[in-house]
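Scroll down for the structure; my scribbles are underneath it.
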Amino acid sequence: GVGTNRGEKGKSKKAAAEGHDDLQQIAGIGPGLEKKLKDSGITTIQQIAELSDQDIAHLEEEIIKFTGRINRDKWVEQAKKLFPESKPGR
């Protein structure tokens with residue numbers, strides 16, 4: 001049927017307007033981590049693609065409480081593949 005994608009009902013237009021992505025497209029981000037990231041203001045694949053080393057250190061220490069996780073799981077590399085237009089330093 002039309003519009004039966006999981007969890008898409010009712011949020012598609014709103015989510016697009018607010019700029020929220022499904023962060024679980026990135027291997028290593030599950031529902032719990034996605035919630036922590038979104039609560040901390042990281043809501044789009046583009047934001048992950050543009051994380052600096054400083055951002056990563058802060059996220060690992062303060063938000064996900066798992067040092068080395070972001071680089072080990074290559075979140076930034078994965079995000080850049082999902083969002084190729086992103087350019088660092090914007």
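Keep in mind that the numbers below use all heavy atoms, side chains included, and drop hydrogens, waters and symmetry copies.
Although no hydrogens or angles enter the test, the distance criterion places no donor-acceptor pair under 3.5 Å between the side chain of Asp39 and the main chain of Lys36. Within the 3.5 Å criterion, the main-chain N or O of Ile42 finds no donor-acceptor partner in the side chain of Gln47. Listed for the Glu62 side chain is no donor-acceptor partner under 3.5 Å among the backbone atoms of His58. The main-chain N or O of Arg69 is found under 3.5 Å from a side-chain atom of Glu60 such that the two form a donor-acceptor pair.
Closest of all the heavy-atom pairs between Ile45 and Leu23 is N-CD2, 3.9 Å. Nearest heavy atoms, Val76 versus Ala49: CG1-O, 3.5 Å.
Of the residues Leu59, Ile26, Ile70, Thr43, the one that meets the side-chain contact (heavy atoms from CB on, under 4.5 Å) test with Ile48 is Ile26.
Asp73 is not listed as a side-chain neighbour of Phe66, based on a closest heavy-atom distance of 4.5 Å or more. Residues Phe83 and Gln25 have side chains not in contact (no heavy-atom distance under 4.5 Å, counting atoms from C-beta outward). Two residues are said to be in side-chain contact when any heavy atoms from C-beta on lie closer than 4.5 Å; Asp21 and Leu82 fail this criterion.
With values rounded to the nearest 0.5 angstrom, Asp55 atom CG is found 11.0 Å from Ile63 atom CD1. Remark: Gln24 CD to Leu33 CG distance equals 9.0 Å, nearest 0.5 Å. For the atom pair CG (Leu37) and OG1 (Thr44), the distance works out to 11.0 Å, reported to the nearest 0.5 Å.
For Asp53, there are no side chain to side chain donor-acceptor pair (under 3.5 Å) partners two or more places apart in sequence or in a different chain. Taking the side chain to side chain donor-acceptor pair (under 3.5 Å) definition, one finds that Gln78 meets it with nothing, sequence neighbours left out.
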